[in-house]
Amino acid sequence: RTRRRQVAIDWEYAELVRDGRRVMTAGLAEQQPTLMALARAGSERAKSILKLRLLTRIVVLVAGCGALFVPKAWDKTAYVLSVAALALEVLVWILNRWGQRKHELGESARRHAMLASAFRESPEPIEERDLRSQFSKYDEALALKLEEPKYYASSADSGLPRLSELLQESSFWSKYLYEKAASRTYQLLVLLLGGITVAALVALPTTASDTALLIARAVVVVLGVFIGMNVFGRARCWAGAARQTEIVYRRLLAAGARPSSKVLLGIFADYSVATASCAPIPTDLHRKNRERLNRLWAQREQRDHP
């Protein structure tokens with residue numbers, strides 16, 4: 001009898017555990033990430049897609065270099081590599097569009113999250129629902145892992161002063177990281193164009209008597225120059241965004257602690273345009289400089305708000 005009673009107790013306990021797990025699972029399924037977490041998830045997805053684009057572009061360069069140095073007797077191989085490089089460049093374009101779309105969506109969520117944090121109010125239900133519907137289930141799952149309750153350092157009360165502080169903090173970070181990203185990309189551009197130039201000077205003269213092979217290799221060189229122009233465009237965009245965010249930061253300082261709503265919303269619009277028009281800042285740069293920027297911002301806060 002005691003044995004049967006113990007078995008019954010164990011069975012009831014197992015049922016309670018299973019019920020508890022079902023409740024916990026249902027709670028997790030119904031849990032919604034914040035808009036800021038969704039914004040971060042969108043940004044991280046964009047970076048992953050653009051990283052895949054970069055890897056594809058490296059394959060394009062490898063195929064191009066292979067076409068440049070294929071022996072004359074293997075002229076068909078040069079054509080195959082040239083066509084493969086062109087086909088992969090189409091894939092690069094598709095990945096670029098996809099990544100940029102994810103980035104724009106993430107920045108849109110970030111702007112709404114900043115306003116919600118500044119005024120302690122959620123966006124309009126219809127507007128928020130429409131924004132959330134554009135994120136995938138994978139984005140939402142990633143966002144739950146990226147939740148950070150104290151994303152902003154500001155402790156100001158709700159309203160325009162808090163929005164001003166949030167914009168100052170964001171523009172302070174963005175200016176520095178955009179400058180780093182632009183500088184690193186310009187260095188990559190120099191290496192890329194230098195490599196293409198050396199490869200062209202070495203390979204093209206060896207095909208002077210073979211028009212068909214010369215054309216195939218010339219196509220690869222043109223493709224390499226096109227890639228270089230794309231890299232230059234990205235570096236230039238980051239450099240321009242760094243200038244624009246610095247202007248935003250200085251305008252916020254000039255506006256004082258209590259800027260008018262008209263001035264502040266104009267600054268907010270300019271900052272939004274500057275950050276949405278460029279590719280997201282690489283994650284490795286953010287991680288590498290995070291501690292230093294946190295320290296510099298804390299020092300700035302102590303100086304301005306002793």
Side-chain angles (χ1 to χ4, degrees), residues 32-57 90-118 122-124 126-148 151-152 163 166-167 169-171 173-175 177-182 185 229-245 247-248 265-286:
Q32 275 194 328
T34 61
L35 279 179
M36 181 55 73
L38 281 173
R40 298 182 66 194
S43 180
E44 289 302 318
R45 287 292 308 281
K47 293 174 186 178
S48 297
I49 295 168
L50 294 175
K51 184 177 181 180
L52 179 58
R53 185 209 62 174
L54 174 62
L55 294 175
T56 306
R57 181 144 280 170
V90 173
L91 177 59
V92 166
W93 181 83
I94 294 172
L95 291 172
N96 185 66
R97 294 291 299 171
W98 184 19
Q100 189 62 30
R101 170 59 184 152
K102 279 291 183 183
H103 172 57
E104 291 171 357
L105 181 59
E107 286 301 311
S108 178
R110 193 184 305 276
R111 291 192 292 272
H112 282 81
M114 181 182 287
L115 290 174
S117 176
S122 299
E124 291 295 324
I126 296 178
E127 190 176 59
E128 182 174 356
R129 187 163 57 247
D130 178 66
L131 184 59
R132 286 180 176 275
S133 68
Q134 298 178 61
F135 288 92
S136 66
K137 293 294 184 181
Y138 183 86
D139 295 334
E140 292 179 353
L142 178 60
L144 290 174
K145 299 176 183 179
L146 296 174
E147 289 285 5
E148 191 171 345
Y151 183 78
Y152 292 110
L163 178 59
L166 298 186
L167 279 171
E169 182 179 351
S170 296
S171 57
W173 278 68
S174 296
K175 170 190 172 297
L177 293 175
Y178 279 138
E179 285 179 345
K180 288 290 185 182
T185 308
M229 290 174 61
N230 185 269
V231 173
F232 173 72
R234 172 157 298 196
R236 186 179 179 186
C237 186
W238 274 328
R243 290 191 296 271
Q244 291 299 317
T245 50
I247 291 172
V248 164
L265 290 178
I267 295 174
F268 177 77
D270 290 342
Y271 176 74
S272 299
V273 171
T275 54
S277 60
C278 285
I281 296 167
T283 301
D284 65 309
L285 278 180
H286 188 276

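- One finds the CD1 atom of I247 at 8.5 Å from the CZ atom of R243 (value rounded to the nearest 0.5 Å).
- Judged by distance alone, with hydrogens and angles left aside, the side-chain atoms of D139 form a donor-acceptor pair with the main-chain N or O of S136 at under 3.5 Å.
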Can you give the donor-acceptor pairs under 3.5 Å from side chains of residues 272-281 to other protein atoms, not counting sequence neighbours?
{"from": "S272", "atom 1": "OG", "to": "F268", "atom 2": "O", "distance (Å)": "2.9"}
{"from": "T275", "atom 1": "OG1", "to": "E107", "atom 2": "OE1", "distance (Å)": "3.4"}
{"from": "T275", "atom 1": "OG1", "to": "Y271", "atom 2": "O", "distance (Å)": "3.1"}
{"from": "T275", "atom 1": "OG1", "to": "S272", "atom 2": "O", "distance (Å)": "3.2"}
{"from": "S277", "atom 1": "OG", "to": "V273", "atom 2": "O", "distance (Å)": "3.1"}
{"from": "S277", "atom 1": "OG", "to": "A274", "atom 2": "O", "distance (Å)": "3.3"}

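- Rounding to the nearest 0.5 Å gives a distance of 10.5 Å between CG of L167 and CD of E169.
- Minimum heavy-atom separation, P33 to E147: CA-OE2, 3.2 Å.
- Residues that satisfy the side-chain contact (heavy atoms from CB on, under 4.5 Å) test with L105, not counting sequence neighbours, are L131, Q134, F135.
- Taking the side-chain contact (heavy atoms from CB on, under 4.5 Å) definition, one finds that I94 meets it with V90, sequence neighbours left out.
- Scored by the side-chain contact (heavy atoms from CB on, under 4.5 Å) test, T283 finds E44, K47, R287 as partners (sequence neighbours excluded).
- Distance check, rounded to the nearest 0.5 Å: OG of S170 to OH of Y152 gives 4.0 Å.
- Within the 4.5 Å cutoff, side-chain heavy atoms of W173 are placed close to those of H286.
- In terms of the salt bridge (Lys or Arg N to Asp or Glu O under 4.0 Å) criterion, residue partners of R132 (sequence neighbours excluded) are, by chain and number, E128.
- Put simply, the side chain of S117 never gets that close to the backbone of M114: no donor and acceptor are under 3.5 Å apart.
- Note that OG of S108 is 8.0 Å distant from CD of E127, once rounded to the nearest 0.5 Å.
- Looking at heavy atoms from C-beta onward, Q244 lies out of side-chain contact with Y178 at the 4.5 angstrom threshold.
- With contacts defined as side-chain heavy-atom distances shorter than 4.5 Å, the pair L38/T34 does not qualify.
- If you take CZ on R234 and CG on L50, they are separated by 5.5 Å, rounding to the nearest 0.5 Å.
- Side chains of M36 and R110 form a contact here, defined as non-hydrogen atoms less than 4.5 Å apart.
- Taking the side chain as every heavy atom from C-beta outward, W98 and R45 approach each other to under 4.5 Å.
- Under the salt bridge (Lys or Arg N to Asp or Glu O under 4.0 Å) criterion, D270 pairs with R251, not counting sequence neighbours.
- Counting all heavy atoms, side chain and backbone alike, T245 lies closest to S174 at CG2-CB, 3.9 Å.
- A distance-only check finds no donor-acceptor pair linking the side chain of S43 to the backbone of A39 [under 3.5 Å].
- The line from CG of L95 to CG of L54 is 11.0 Å long, rounded to the nearest 0.5 Å.
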